[in-house]
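The sequence lines fix the lettering, A, B, ..., with proteins before strands; numbering per chain opens at 1.
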Number of protein chains: 2
Amino acid sequence: MGVTTKDLARICGVSRATITRALYGTGSIREETRQRILDTAKELGYQPDLMARSLVMRKSRMIGAIVVDLRNQYFPKMIDAIEKRTKESSYMLNISLHEDDKEEEKKLIRAMVGYHADGLILNCINKDEEFENMLNHLGIPYVILGYKAFKNSHTVGVDEYEATRKGVEYILEKGYKELVFVVPPLYDADGIPNIGHEYRRRGFVDEAGKSGCRYTVIYGRDYLTQALDYMRTKAMSKPAFFCSGDTFAGDLINAFGQNGYLVPNDYGIMGYDKVGLYQNFTPKFTTVDNHVEQMGYAAADMLLDMIEGKEVPHDIKIPITIVEGQTL
Amino acid sequence: MGVTTKDLARICGVSRATITRALYGTGSIREETRQRILDTAKELGYQPDLMARSLVMRKSRMIGAIVVDLRNQYFPKMIDAIEKRTKESSYMLNISLHEDDKEEEKKLIRAMVGYHADGLILNCINKDEEFENMLNHLGIPYVILGYKAFKNSHTVGVDEYEATRKGVEYILEKGYKELVFVVPPLYDADGIPNIGHEYRRRGFVDEAGKSGCRYTVIYGRDYLTQALDYMRTKAMSKPAFFCSGDTFAGDLINAFGQNGYLVPNDYGIMGYDKVGLYQNFTPKFTTVDNHVEQMGYAAADMLLDMIEGKEVPHDIKIPITIVEGQTL
DNA sequence: TTGTATGCGTTATCAG
DNA sequence: CTGATAACGCATACAA
């Protein structure tokens, strides 16, 4: 479909080279023919074939983002930010989802390269050497979201250890003497640790340990049962639950509520990953804001710089802040 | 970058046509040379240039989805569904965001066409004739999410009128005699009505009117103030608030809570657009489930069929269901 | 079974 | 100022 430069050339009675000159102002051209070409181009609704252009230019002004899915607000928010930045630089953003499927992730990366993406932003689940090798032979720059999985990769993430440490500090400042860290299973199906949650756990354990207060870690799929059990049989004072994720915290508040435990009277709670989910509820939710949008902006800026051949730092850590609520 | 069929041909000492035959099994080829080519292709990490292929095939196996943004869960959920379906049919999904910018939307559509997208899924904000014209001259099929804005377009949506009507029926069954419909501003910046909310309003008014009970509609940005005012000065019995969106409902519950009004003791409330946001909270939220995933599946199926030249219905309406909670 | 020639729509180079 | 020609990487009809 669609009218091409060839058509325009035929219709305007000039060569295709002249058409290009008229359309993109390269080289010199008589003003009159330029106008005539531009007019007919507009009239006929000429649209350049970006594929053909990319083919010859070896640049597509397209950036690929491959993330797991859009289920919680984490990636949507980040992608919104990335998208704004790439748009500012007149790049098109191509988002694809690997759905936690390692083969799919590789396939998508190959597809992006096949479509001449100028750069990639990855939330990658593959961690092995073969994958690292693949990445380094892509021929285009890429930025990894989250953790530094590979030596040579560029990453944008959060210092989870430091963040959790600060979270514990904050809880202690509020006067709590008894801390419970709630975290999902730390290992995935292949036995590979979820590095983010693991760093958080360490941050918690180190800082809580240093304080000399009572603390414990609850993890596993049955964390709700375990937490309730803690509340019923183990708590010696009003405990603070520090949940490694707002969704867990939300579920916990709900489960506790159904069992007659109310926040912040009977217990304190703090989340992680502020994604705006529970920000409108009473009591206002205390959580760690890991600034997802900032991560998005940073990742996009980094990648755009890399595409333009600029020198960029290898790793960027976005500092967190604590959202003071009423649940502690 | 990357090795091409040309390179393979040179290295294997055959013509490029033979390479193609080896790679895609078209035509006949001696098994030995086939193996040899396949081996070297693998060794050298040959990846087809999808752009070049699309250019000659005039098919890209790529589908574009252009939506406003990913801010609330509505589009992320739908896109997840669309993505699953397109992936099943080995199409790649290219998601882009127009951020409520009419020019941007047109630009993105043109870009998708420029990238030889085989079809488009649109959450379009342009409503005028020029845009309709543009769509119909795209040369590729497209499906519009939401409302039938143009005569000839294919759409997947919800019968909002019917849905709201059913919602009112449900509320009345629960014994309420006093209904308040809460809806955001019904017109956008350009004075064009938000058709979805408008249909909902009509459904509410018609059904509530028919029942003979007391009812009113609250709309505008200050709906919280108005709702509180209603509660304080106008309510004659325990009213049911029917909010045209879960987020409004959430905010309302919160605002009422801060003013000492508790659900479901002091008032009833029902939402719309079940997006899973408040499903974990107590009391469990009563809302209208408009089955976003189903919309996604339907839209993807429809588009894929259209791409394959099949006959498809022009409009698909996804039936809603009511999620029975504890807020009524 | 294999090779040659042509074209997809664009941009770039080099003549004229 | 303009036109012819080649190239990007791939696929395919046709010839050998």
Could you walk me through whether B:V143 and B:V156 satisfy the side-chain contact (heavy atoms from CB on, under 4.5 Å) test, starting with their C-alpha distance in whole Å, then the side-chain angles of each, then the deciding distance to 0.1 Å, before giving a yes or no? CA-CA 7 Å; B:V143 171; B:V156 172; 3.9 Å; yes
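- Salt-bridge check for A:K127 with A:E132: failed, with every basic side-chain N at 4.0 Å or more from each acidic carboxylate O.
- A sub-4.0 Å separation between OP1 or OP2 of C:dT2 and a side-chain N or O of B:T18 is absent.
- Within 4.0 Å (heavy atoms only), A:S54 reaches no atom of the nucleic acid at all.
- Contact check on A:E103 versus A:K107 returns no salt bridge, with no Lys/Arg side-chain nitrogen under 4.0 Å from an Asp/Glu carboxylate oxygen.
- Atom C1' of nucleotide D:dG9 and atom NZ of B:K59 are separated by 20 Å, given to the nearest angstrom.
- At distances below 3.5 Å, not a single donor-acceptor pair connects side-chain atoms of B:N126 with backbone N or O atoms of B:F131.
- The phosphate of C:dG3 has OP1 or OP2 within less than 4.0 Å of a side-chain N or O from B:S15.
- Protein atom OH of A:Y115 is 17 Å distant from nucleotide atom C1' of D:dC8, rounded to whole Å.
- Taking a pair as Watson-Crick or G-U with both hydrogen-bonding distances under 3.5 Å, the stems of three or more pairs touching DNA chain C are C:1-16 with D:1-16.
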What string of B, S and - do you get for nucleotides 11-16 of chain D, 5' to 3', when a contact is any protein heavy atom under 4.0 Å? SB----
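- Across all strands shown, B:L55 has heavy atoms under 4.0 Å from base atoms, whether or not it also approaches the sugar-phosphate.
- Of the residues in residues 6-13 of chain A, those placing a heavy atom less than 4.0 Å from an atom of DNA chain C are A:K6, in numerical order.
- Residues B:H116 and B:V14 both approach DNA chain C. Their nearest nucleotides, taken by heavy-atom distance, put B:V14 toward the 5′ side.
- As a whole-Å value, the separation of B:Q47 CD from D:dC10 C1' is 15 Å.
- A salt bridge does not link B:R110 to B:E105: none of the charged nitrogens lies less than 4.0 Å from a carboxylate oxygen.
- Regarding A:I37, its CD1 atom lies at a distance of 12 Å from the C1' atom of D:dG3, rounded to whole Å.
- Using a cutoff of 4.0 Å between basic side-chain nitrogens and carboxylate oxygens, A:D118 and A:R61 are not scored as salt-bridged.
- In this structure, the side-chain contact (heavy atoms from CB on, under 4.5 Å) partners of B:T33, at least two apart in sequence or on a different chain, are B:I29, B:R30, B:R36.
- For A:E31, the side chain to side chain donor-acceptor pair (under 3.5 Å) partners at least two apart in sequence or on another chain are A:R34.
- Partners of A:Y91 under the side chain to side chain donor-acceptor pair (under 3.5 Å) rule, at least two apart in sequence or in another chain, do not exist in this structure.
- Distance check: B:K106 NZ to B:I66 CD1 gives 13.0 Å after rounding to the nearest 0.5 Å.
- Looking at B:K77 and B:D80, no side-chain N of the basic residue comes within less than 4.0 Å of a carboxylate O on the acidic one, giving no salt bridge.
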